There are 2 protein chains.
Amino acid sequence: MSMQENSSISKATVDRLPRYYRCLRLLADEGVEITSSEEIGRRTSVNPEQIRKDLAVFGQFGKKGVGYYVAELKENIGGILGLDQRFNIAIVGMGHLGVALANYQGITRLGFRIAALFDVNPVVIGTRLGERRVEDIAYLPEIVAERGVQIGVIAVPAAHAQEVADRLVGAGIRGIWNFAPVKLAVPENIPLISEDLSVGLSSLSYSLTHIAFEDEELSEKNNIE
Amino acid sequence: MSMQENSSISKATVDRLPRYYRCLRLLADEGVEITSSEEIGRRTSVNPEQIRKDLAVFGQFGKKGVGYYVAELKENIGGILGLDQRFNIAIVGMGHLGVALANYQGITRLGFRIAALFDVNPVVIGTRLGERRVEDIAYLPEIVAERGVQIGVIAVPAAHAQEVADRLVGAGIRGIWNFAPVKLAVPENIPLISEDLSVGLSSLSYSLTHIAFEDEELSEKNNIE
DNA sequence: TAGATTGTTAATCGATTAACAATC
DNA sequence: TAGATTGTTAATCGATTAACAATC
């Protein structure tokens, strides 16, 4: 690998890459072959300088005076994100959230494979979801090993999340994507991403509250004048 | 309101408030009455200086030499986030994701009320979810007005998300919480939070890819020496 | 060639961390 | 009082934006 594999790459940069990637996929779908930081910026609401800076961290992907070849840049960003590795995913917890994730096009479209589904509930175990069967979580270690699962998704109630995390780690999983609203303890070498929905909703509530205040202040001022 | 309602409050700060809030709720549940930035820091993985700095933006909530009264600080942060306003929420799209959200304890625990559920599918319309009936999206304007819905949640497929956003805005909604993986166009005065799951998964994939490289490099080095 | 657009260096801006006086 | 912990100022760090030379 000739790209710079330095440890000091900012999280902000990495978090923008998926947005560029999606944009490039859409451009490719539209048949666009060459694009520019200007155009990607328009579509992702990231400014062009930022995009060029982000990409520069990993190498030189464009042609001066020309722009970026869509297909090429898409492949490059995909490679940086590791999407070309087609990681195998197991989803634990087949409640509505688990099923929603299992059906979520976004996961497979990024190149991940949904390799296993687990639940504890005997009523759910054995049912089918597309081409996959829901397995008994008791067989987690065997199935994870057999199917080469690298990523575990936690979609169980908060109360059981830590136990599931422990079992996933024990089964040899390499990374965890957690949807339970708890702070999980996992070994340092296991990357963990927790999606905390309450942050988004709270921040929306904050905006609503504050816009309201600003409006009031504004209209008060206007009334006075 | 005596707290500082300044416009220049950083998003980073606001995004940490929900984490402090949850931590305080847990502390309250445990019967803890007084806490410190040190303790909140331990539980949220935010460092104590940061916490004090964040809170300082909104006012003085602690007692020097003592710490923070849990119940009081919790109420204060709740107020800052606007949780005491008990916003009414409508969820559009009763697929698995919509149902998962409708059942999600986190929403009601933060003080929001799920006031309406909508779908287009005649098979789903009229079914019940807890105490709420799924309504025909055709009646969105009337129901939003009647029930005083302020927040619209978009849980429909990407292809219909913009249309739903337009209808929500048209119905007088004040803010949107979007789960469809598309960039929505909404009027400037409508706060919009988009949850993009592909970012989390991609960044996990990135970490996995990079940890692997680091390990390899490390073991290579070790082998050489 | 002239125009366009990258990659990169320099300048600015904002956020985090450290330090400490105030005070309970 | 002595010890603890806040609130806040100062120092550091990192990320974003601006500017521009390189070059297609």
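Sequence lines set the chain letters: A, B, ... in the order given, protein chains first and strands last, and positions in each chain run from 1. These numbers come from a predicted model, not from an experiment. Just the heavy atoms: all of them, side chains too, but no hydrogens, waters or symmetry mates, feed the values below.
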Enquirer: Is the number of heavy atoms from other residues, nucleotides or ligands under 6.0 Å of A:Glu49 CD greater than 12?
Expert: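 Atom CD in A:Glu49 is crowded, with more than 12 foreign heavy atoms closer than 6.0 Å.
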Enquirer: Closest approach of B:Ser203 and A:Ile193, non-hydrogen atoms and distance?
Expert: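 Closest pair (atom of B:Ser203, atom of A:Ile193, distance): OG-CD1, 3.2 Å.
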Enquirer: Short of 4.0 Å, heavy atom to strand atom, which residues of residues 33-41 of chain B count as contacting DNA chain D?
Expert: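 Contacts with DNA chain D under 4.0 Å: B:Ser36, B:Ser37.
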Enquirer: B:Arg16 CZ to C:dT17 P: how many Å, rounded?
Expert: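 After rounding, the reported distance stands at 8 Å.
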Enquirer: Pair B:Leu97, A:His96 - check side chain to side chain contact (heavy atoms under 4.5 Å, CB included), show working.
Expert: CA-CA 6 Å; B:Leu97 178 62; A:His96 288 288; over 6 Å; no
Enquirer: So, taking the atom named CD1 in B:Ile190 and the one named OG in A:Ser207, what distance separates them when rounded to the nearest 0.5 Å?
Expert: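 Rounded to the nearest 0.5 Å, the CD1-OG separation comes out at 11.5 Å.
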Enquirer: So, is A:Tyr69 near the phosphate of C:dT6, with a side-chain N or O under 4.0 Å from OP1 or OP2?
Expert: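 No, outside the criterion.
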Enquirer: Just how far is it from atom CG of B:Leu208 to atom CD1 of A:Ile176, taken to the nearest 0.5 Å?
Expert: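 Separation between the atoms: 11.0 Å.
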Enquirer: List every contact pair, protein side and nucleotides 10-12 of chain D side both N or O, where the distance is under 3.5 Å.
Expert:
none

Enquirer: Between P on C:dG14 and CD on A:Gln50, what's the gap in Å once rounded to a whole number?
Expert: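 Atom-to-atom, A:Gln50 to C:dG14, this comes out as 14 Å.
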Enquirer: Starting at the 5' end of DNA chain C, write a dot or bracket for each base, bracketing those in Watson-Crick or G-U wobble pairs whose two distances are under 3.5 Å and using | for partners on another strand.
Expert: ..||||||||||||||||||||||
Enquirer: For the salt bridge (charged side-chain N to carboxylate O under 4.0 Å, His left out) test, which of A:Arg19, A:Arg16, A:Lys11 pairs with A:Asp54?
Expert: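 Result for salt bridge (charged side-chain N to carboxylate O under 4.0 Å, His left out) with A:Asp54: A:Arg16.
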Enquirer: Rounding to an integer number of Å, can you tell me how far A:Asn76 CG sits from C:dG7 P?
Expert: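 Checked: the CG to P distance equals 11 Å.
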Enquirer: Sort and list the pairs that fulfil side-chain hydrogen bond (donor to acceptor under 3.5 Å, both in side chains) and have at least one residue in residues 153-171 of chain A, not counting sequence neighbours.
Expert: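 Only A:Gln162-A:Asp166, A:Glu163-A:Arg167 qualify under side-chain hydrogen bond (donor to acceptor under 3.5 Å, both in side chains).
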Enquirer: What is the distance, rounded to the nearest whole Å, between atom CG of A:Asp15 and atom P of D:dA15?
Expert: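 After rounding, the reported distance stands at 11 Å.
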Enquirer: Quick check: do B:Thr35 and B:Tyr69 have side-chain heavy atoms less than 4.5 Å from each other?
Expert: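 Sidechains of B:Tyr69 and B:Thr35: no contact.
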Enquirer: Measure the distance from NZ on B:Lys11 to C1' on C:dT16 and round it to the nearest whole Å.
Expert: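 In whole Å, C:dT16 C1' lies 17 Å from B:Lys11 NZ.
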Enquirer: How many Å lie between CD1 on B:Ile51 and C1' on D:dT5, as a whole number?
Expert: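 For the pair B:Ile51 CD1 and D:dT5 C1', the rounded distance is 13 Å.
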Enquirer: Is it true that A:Asp196 and B:Arg22 have a side-chain N and a carboxylate O under 4.0 angstrom from each other?
Expert: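 Between B:Arg22 and A:Asp196 there is a salt bridge, with a charged N closer than 4.0 Å to a carboxylate O.
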Enquirer: Pairs under 3.5 angstrom, nitrogen or oxygen only, protein versus nucleotides 19-24 of chain C, please.
Expert:
from, atom 1, to, atom 2, distance (Å)
C:dC24, O4', B:Lys64, O, 2.9

Enquirer: Heavy-atom nearest nucleotide on DNA chain D for A:Ala12 versus B:Gly62: which residue maps closer to 5'?
Expert: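 Its nucleotide being nearer the 5' end, the pick is B:Gly62.
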Enquirer: How many angstroms lie between CG in A:Asn178 and CG in B:Leu204, if you round to the nearest 0.5 Å?
Expert: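 Result: 11.0 Å between the selected atoms.
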Enquirer: Any chance you could measure B:Ser205, atom OG, to B:His210, atom NE2, to the nearest 0.5 Å?
Expert: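 The OG atom of B:Ser205 sits 9.5 Å away from the NE2 atom of B:His210.
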Enquirer: For the pair made of CZ in A:Phe61 and P in C:dG7, what is the distance, rounded to whole Å?
Expert: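 Taking atom P of C:dG7 as the reference, CZ of A:Phe61 is at 9 Å.
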Enquirer: In this structure, how many angstroms lie between the P atom of C:dG14 and the CG atom of B:Asp54, rounded?
Expert: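 Interatomic distance, CG of B:Asp54 to P of C:dG14: 16 Å.
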Enquirer: What side-chain hydrogen bond (donor to acceptor under 3.5 Å, both in side chains) pairs are there with at least one residue in residues 38-47 of chain A, not counting sequence neighbours?
Expert: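 Residue pairs with at least one partner in residues 38-47 of chain A: A:Glu30-A:Arg43, A:Glu39-A:Arg42, A:Glu39-A:Arg43, A:Ser45-B:Lys183.
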Enquirer: Considering all heavy atoms of both residues, which atom of A:Leu117 and which atom of A:Ala102 are nearest to each other, and what is their separation?
Expert: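 That would be CD2-CB, 4.1 Å.
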Enquirer: Between B:Asn88, B:Val144, B:Val92, B:Ile89, which is the residue that forms a side chain to side chain contact (heavy atoms under 4.5 Å, CB included) with B:Ile173?
Expert: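 Filter result, single survivor: B:Val144.
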